[in-house]
Protein chains: 2
Amino acid sequence: MITVSTSKRESYHHGDLRAALIEAGLKLIEERGADDVGLREAARAVGVSATAIYRHFPDKGAFLQALAQAGLERLAAAQIAASDAAGGGAAGFNATGRAYVRFALANPGLFRLIFSTAKGDPLDWDNAPDDAMRLLRDNAVRLVAKERGAEEAKLFALHSWALVHGLAVLMLDGMVAVDDALIDRVIDVRKVEC
Amino acid sequence: MITVSTSKRESYHHGDLRAALIEAGLKLIEERGADDVGLREAARAVGVSATAIYRHFPDKGAFLQALAQAGLERLAAAQIAASDAAGGGAAGFNATGRAYVRFALANPGLFRLIFSTAKGDPLDWDNAPDDAMRLLRDNAVRLVAKERGAEEAKLFALHSWALVHGLAVLMLDGMVAVDDALIDRVIDVRKVEC
DNA sequence: GCCCTATGTGAACAGCATCAACATTGGACG
DNA sequence: CGTCCAATGTTGATGCTGTTCACATAGGGC
């Protein structure tokens with residue numbers, strides 16, 4: 001059995017240090033900002049030597065990228081859950097957008113990390129690599145493609161994504177006061193107009 | 001006369017170290033990322049001791065904030081220029097949006113810095129403190145208020161801002177391929193639908 | 001012309017990421 | 001069952017960083 005715990009261990013080897021480090025890193029991200037996550041601190045939280053991390057990640061960037069990947073999976077899960085809860089379709093798509101913004105507000109550091117480091121990959125829409133992105137694209141296509149064609153669907157998806165992403169980031173950065181009702185209204189404006 | 005130059009100085013005092021540091025900082029931002037700007041490095045670029053910065057800024061955060069302020073002014077100037085060039089009105093408003101995204105793509109590090117650190121101030125729409133924000137609000141109000149009322153104008157402005165900001169950030173982070181024509185189309189979609 | 005204050009310097013400290021050499025161990029293979 | 005190796009963790013060191021403190025310099029007000 002693999003014990004992923006932050007308590008002291010008795011054996012020289014940890015068991016699953018990589019998972020434990022990611023767990024600790026995620027906790028650190030939500031406590032402090034994502035910028036203040038340090039390798040040494042994460043190692044300390046797990047109760048392991050600072051340089052042990054290098055047996056599992058080539059450098060700090062790779063560690064943060066792993067955290068971002070874990071965060072992206074959580075974001076995707078939140079969107080899927082929201083879409084399902086709304087019963088799919090157009091209502092589900094709008095719920096997806098709201099979930100996107102709410103996830104950002106609930107996990108500021110993690111959300112920023114997901115989109116912070118240039119992870120390359122200018123997202124090929126036709127072969128979306130990530131669950132969250134695939135969900136977005138598929139929903140957009142399903143909603144729009146039949147009436148207006150695939151090209152319009154892409155544009156609609158990008159438009160929707162940019163809207164919710166921008167709203168999330170602006171609220172996260174304190175440029176726009178966080179207001180749950182406002183989120184609904186901004187997103188709904190788009191819906192009404194389409 | 002104040003000489004703001006990065007060359008060696010002969011006098012013990014610098015003349016206008018604060019301005020020189022900001023200039024050097026802006027240059028460093030566009031060379032490396034905004035995260036990699038260091039006090040020591042900026043001081044080195046100006047040819048001054050590392051700790052001299054503390055005579056002009058209380059700490060690194062304040063220095064970065066000053067850089068962000070300078071960046072915001074440039075962003076505002078770019079938007080105003082674009083709006084004027086398009087002749088104001090609806091065309092000017094859309095030009096503002098395009099200028100916003102293009103500025104972000106042309107100055108990635110600077111743009112990120114502007115919106116990175118939580119600078120507080122959840123932006124009071126009725127007393128917009130920054131030029132860029134005031135421009136955005138005034139244009140939105142001018143375009144929409146007369147037909148639909150002030151409340152709708154706020155919503156329209158926020159919607160527009162979130163859209164261009166989201167598009168800019170997504171392209172900046174490599175999530176969406178940079179495509180000049182695509183920018184126009186996404187922004188125009190909004191115009192068409194309103 | 002003197003002095004005070006603003007401004008710049010140097011050495012020092014703690015914390016950071018990272019590297020190199022060494023220690024420990026679990027498991028593969030005889 | 002025993003041996004050895006590769007994976008994993010540790011210790012020490014290096015050069016970077018932001019920041020503090022005591023000190024140096026000089027320009028402007030009296």
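Here is the naming used below: chain letters follow the sequence lines, and residue numbers restart at 1 for every chain. Just so it is clear, the structure is predicted and the values come from calculations on it, not from any experiment.
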(Q) Name the residue from B:Val101, B:Thr96, B:Ile183 that meets the side chain to side chain contact (heavy atoms under 4.5 Å, CB included) definition with B:Val164. (A) B:Val101

Expressed as a whole number of angstroms, how long is the span from [X]:[atom1] to [N]:[atom2]?
X: A:Leu64; N: C:dC16; atom1: CG; atom2: C1'; result: 13 Å
X: B:Asp36; N: C:dA17; atom1: CG; atom2: P; result: 14 Å
X: A:Leu39; N: C:dA17; atom1: CG; atom2: P; result: 4 Å
X: B:Phe63; N: D:dT19; atom1: CZ; atom2: C1'; result: 15 Å
X: B:Asp35; N: D:dG18; atom1: CG; atom2: P; result: 12 Å
X: B:Glu41; N: D:dC16; atom1: CD; atom2: C1'; result: 11 Å
X: A:Tyr54; N: C:dA20; atom1: OH; atom2: P; result: 12 Å
X: A:Arg32; N: C:dC16; atom1: CZ; atom2: C1'; result: 14 Å

Q | Pairs where residues 30-61 of chain A contributes a residue and the test ring-ring contact (aromatic ring centres under 6.0 Å, His included) is met, not counting sequence neighbours | A | A:Phe57-A:Phe63

Q. Between B:Arg55 and B:Gly61, which is nearer to the 5' end of DNA chain D once each is assigned its nearest nucleotide?
A. B:Gly61

Find every protein N or O atom lying less than 3.5 Å from an N or O atom of nucleotides 10-15 of chain C, and list the pairs.
{"unit_1": "C:dG10", "atom_1": "O6", "unit_2": "B:Thr51", "atom_2": "OG1", "d": "2.9"}

**Q.** B:Leu17, nearest nucleotide to its side chain (from C:dT18, C:dG8, D:dT19)
**A.** C:dG8

Q: Sorted by first residue and then second, give each salt bridge (charged side-chain N to carboxylate O under 4.0 Å, His left out) pair with at least one member in residues 86-97 of chain B; sequence neighbours left out.
A: none

Q) Restricting to pairs with a member in residues 83-107 of chain B, which pass salt bridge (charged side-chain N to carboxylate O under 4.0 Å, His left out), not counting sequence neighbours? A) B:Arg98-B:Asp184, B:Arg98-B:Asp188, B:Arg102-B:Asp180, B:Arg102-B:Asp184

Q. Who pairs with B:Glu41 by side chain to side chain donor-acceptor pair (under 3.5 Å), at least two apart in sequence or on another chain?
A. B:Arg32

Q: For residues A:Leu26 and A:Ala70, report the shortest heavy-atom separation together with the two atoms involved.
A: CD1-CB, 4.2 Å

Q) With sequence neighbours excluded, what pairs up with B:Ala52 under the side-chain contact (heavy atoms from CB on, under 4.5 Å) test? A) B:Leu17, B:Val48

**Q.** Phosphate-side-chain proximity, A:His56 and D:dA7, N/O vs OP1/OP2 below 4.0 Å
**A.** no

